[in-house]
Amino acid sequence: MPEEVKSKNFIENIIDKDLEEGKVSKIVTRFPPEPNGYLHIGHAKSILLNSGIAAEYGGQFNLRFDDTNPTKEKEEFVDSIIEDVKWLGADFRGEVLYASNYFDQMYEAAVKLIKKGKAYVDDLTAEEIRQYRGTLTEPGKNSPYRDRSVEENLELFEAMKDGQFEDGSKVLRAKIDMASPNINMRDPVIYRIARMTHHNTGDKWLIYPMYDFAHPIEDAIEGVTHSLCTLEFEDHRPLYNWVVEELEYPNPPQQIEFSKLYLTNVVTGKRYIKKLVEDGVVDGWDDPRLVSLAALRRRGFTPESIKSFMELAGISKSQGSCDYAMLEYCIREDLKPKAPRYMGVLKPVKLIIDNYPEGQTEEFEIENNSDDPEAGMRKITFSRELYIEADDFMEEPPRKYFRLFPGNEVRLKGAYFVKCTGFEKDAEGNVTEVHCTYDPETRSGSGFEGRKVKGTIHWVNAADAIDAEVRLYENLIDEEKGKLNEDGTLNFNPNSLEVVNAKLEAASAELKPGDHVQYIRNGYFVVDIKDSTAEKMVFNRVVGLKSSYKPAQ
């Protein structure tokens with residue numbers, strides 16, 4: 001058979017051309033998060049793209065923290081990001097890199113620009129700088145401090161570093177073009193005074209570089225060949241190129257933009273998530289209703305499912321959004337051959353088989369996974385009292401309801417036919433017990449070929465059932481009403497979490513935090529990695545069994 005030809009995305013085509021023309025020899029990429037929050041599903045696209053490109057071309061992938069703004073950065077976020085990147089399987093070089101380790105070189109780079117007449121110290125306030133900048137249709141105007149001499153600028157910049165001026169009283173600006181049609185090129189601020197303790201450098205620095213100045217320098221120092229970033233940085237590319245050209249780096253990196261990943265009906269904005277956390281609406285940044293990578297991991301998504309999702313989403317220049325159902329499809333496809341299939345009753349009602357011998361217990365063999373013959377069989381116990389799902393019994397069923405109701409017969413999965421003979425209710429009218437009789441001739445695997453039944457229901461033996469807390473999740477956002485209310489607040493779905501006390505098959509007791517299982521007819525579940533203990537097991541529903549998403553053929 002002819003070898004399958006893999007179509008390449010536009011970034012791979014650019015890299016192939018650069019290699020062919022000898023512009024680069026070794027490919028170096030990077031993922032440069034700012035440690036001011038937890039990573040979300042959108043960041044996974046950048047992580048997997050950058051690490052994947054490096055792996056494809058036998059190059060190097062760097063994990064580097066863009067920690068140039070100490071106001072919002074925390075060690076907690078650094079640790080969580082490292083864990084997320086490792087979880088996704090992105091193979092970064094042995095050491096974690098920090099932009100703050102380059103502060104000395106960035107300072108020297110700023111001095112070099114001053115000496116070249118390409119940077120100046122400005123005394124305008126932040127508001128005045130905005131006023132001088134102009135608009136999209138009107139050019140800006142020069143600051144009255146723009147023509148300071150090189151000597152004066154060097155003296156003032158050193159004084160800024162030494163703490164001789166108050167925060168906000170002076171900035172260092174690049175000297176480019178106040179009439180540029182690109183507002184980013186209108187003498188952008190490249191250094192500011194800020195008396196803040198930095199998580200990495202402590203109190204060494206009283207001035208900090210701005211992102212647009214620092215980022216290209218970081219890339220150049222590390223020998224990054226292709227700086228892959230999202231589309232909102234496209235207008236910043238001329239400034240990126242100006243910095244590396246004016247600083248005369250011998251092999252300047254190339255910035256290439258790709259479309260962000262947008263997912264329908266989810267919350268990714270750090271401001272919104274922070275408020276949800278602070279208001280106690282969610283259980284921290286890793287609440288399974290969120291799409292931070294920590295939350296997805298806790299919900300039970302796997303690195304393989306995230307990678308499959310990114311492959312389906314693709315890499316392009318055109319902006320679009322992906323349906324959350326596509327992500328759910330990917331985790332179903334990943335877990336289908338892997339997860340054992342157990343029986344678990346989420347909303348239990350006692351089923352009593354009146355003609356089954358009291359005190360008797362027997363065993364049945366049942367397959368562990370019908371999609372994996374090599375998964376083998378396991379034994380389950382059966383006795384007179386079982387649990388079934390509350391909605392598998394109805395006193396007055398509608399048409400085409402094939403489960404239990406008075407007079408109807410169903411198969412208990414892997415066991416016997418049972419026929420409903422009656423039921424009991426409590427004072428509030430809730431069904432508490434369902435009574436039935438069984439036919440011993442219908443034992444599963446016995447070859448019984450008598451009458452047929454239309455319904456098969458799952459069950460759990462009451463004698464050895466495991467009690468567990470099961471958390472059933474829905475979207476955090478009310479899909480029908482949209483993401484935001486008129487006042488800009490999140491349109492929170494009050495039914496996004498339902499907690500039930502379930503009865504699970506005895507084999508569930510062997511599962512450990514992070515283990516996956518399919519509870520037949522109820523979906524895929526994972527043992528919660530945060531709250532579950534041997535004494536009280538907690539399960540999160542990863543996803544239901546039915547999908548509304550169909551992949552393109």
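Residue numbers count from 1 along this sequence. Just so it is clear, the model here is predicted, and its values are computed rather than measured.
Salt bridge Arg64/Glu218: present, at least one basic N to carboxylate O contact under 4.0 Å. A salt bridge links Asp531 with Arg471: the closest approach of a Lys/Arg side-chain nitrogen to an acidic carboxylate oxygen falls below 4.0 angstrom. Under 4.0 Å is where a charged nitrogen must lie from a carboxylate oxygen, and between Glu505 and Arg378 at least one such pair does. Contact check on Arg403 versus Glu389 returns no salt bridge, with no Lys/Arg side-chain nitrogen under 4.0 Å from an Asp/Glu carboxylate oxygen. In summary, Asp371 and Lys336 do not engage in a salt bridge, as defined by a charged side-chain N under 4.0 Å from a carboxylate O.
Nearest heavy-atom pair across Ala90 and Ile47 is CB-CG2, 3.6 Å.
When atom types are taken as modelled, the side chain of Ser46 and the backbone of His43 share no donor-acceptor pair closer than 3.5 angstrom. No donor-acceptor pair under 3.5 Å is formed between the side chain of Asp323 and the backbone N or O of Met326.
Heavy atoms from other residues, nucleotides or ligands lying under 6.0 Å from NZ of Lys307 number more than 12. Summarising the local packing, NZ of Lys347 is surrounded by 12 or fewer heavy atoms from other residues, nucleotides or ligands at distances under 6.0 Å. Atom NZ of Lys74 has 12 or fewer heavy atoms from other residues, nucleotides or ligands within 6.0 Å.
Residues Phe65 and Leu97 have side chains not in contact (no heavy-atom distance under 4.5 Å, counting atoms from C-beta outward). Between His226 and Ile27, some side-chain heavy-atom pair lies under the 4.5 Å cut-off.
For Tyr416 and Phe364, the gap between ring centers is short of 6.0 Å. Taking the six-membered ring for Trp and the full ring otherwise, Tyr38 and Phe77 have centroids separated by under 6.0 Å. Ring centers of Tyr211 and His215: under 6.0 Å apart, within the cut-off. Phe92 has its ring centre no less than 6.0 Å from the ring centre of Phe61.
The distance from atom NZ of Lys45 to atom CZ of Phe258, rounded to the nearest 0.5 Å, is 6.0 Å.
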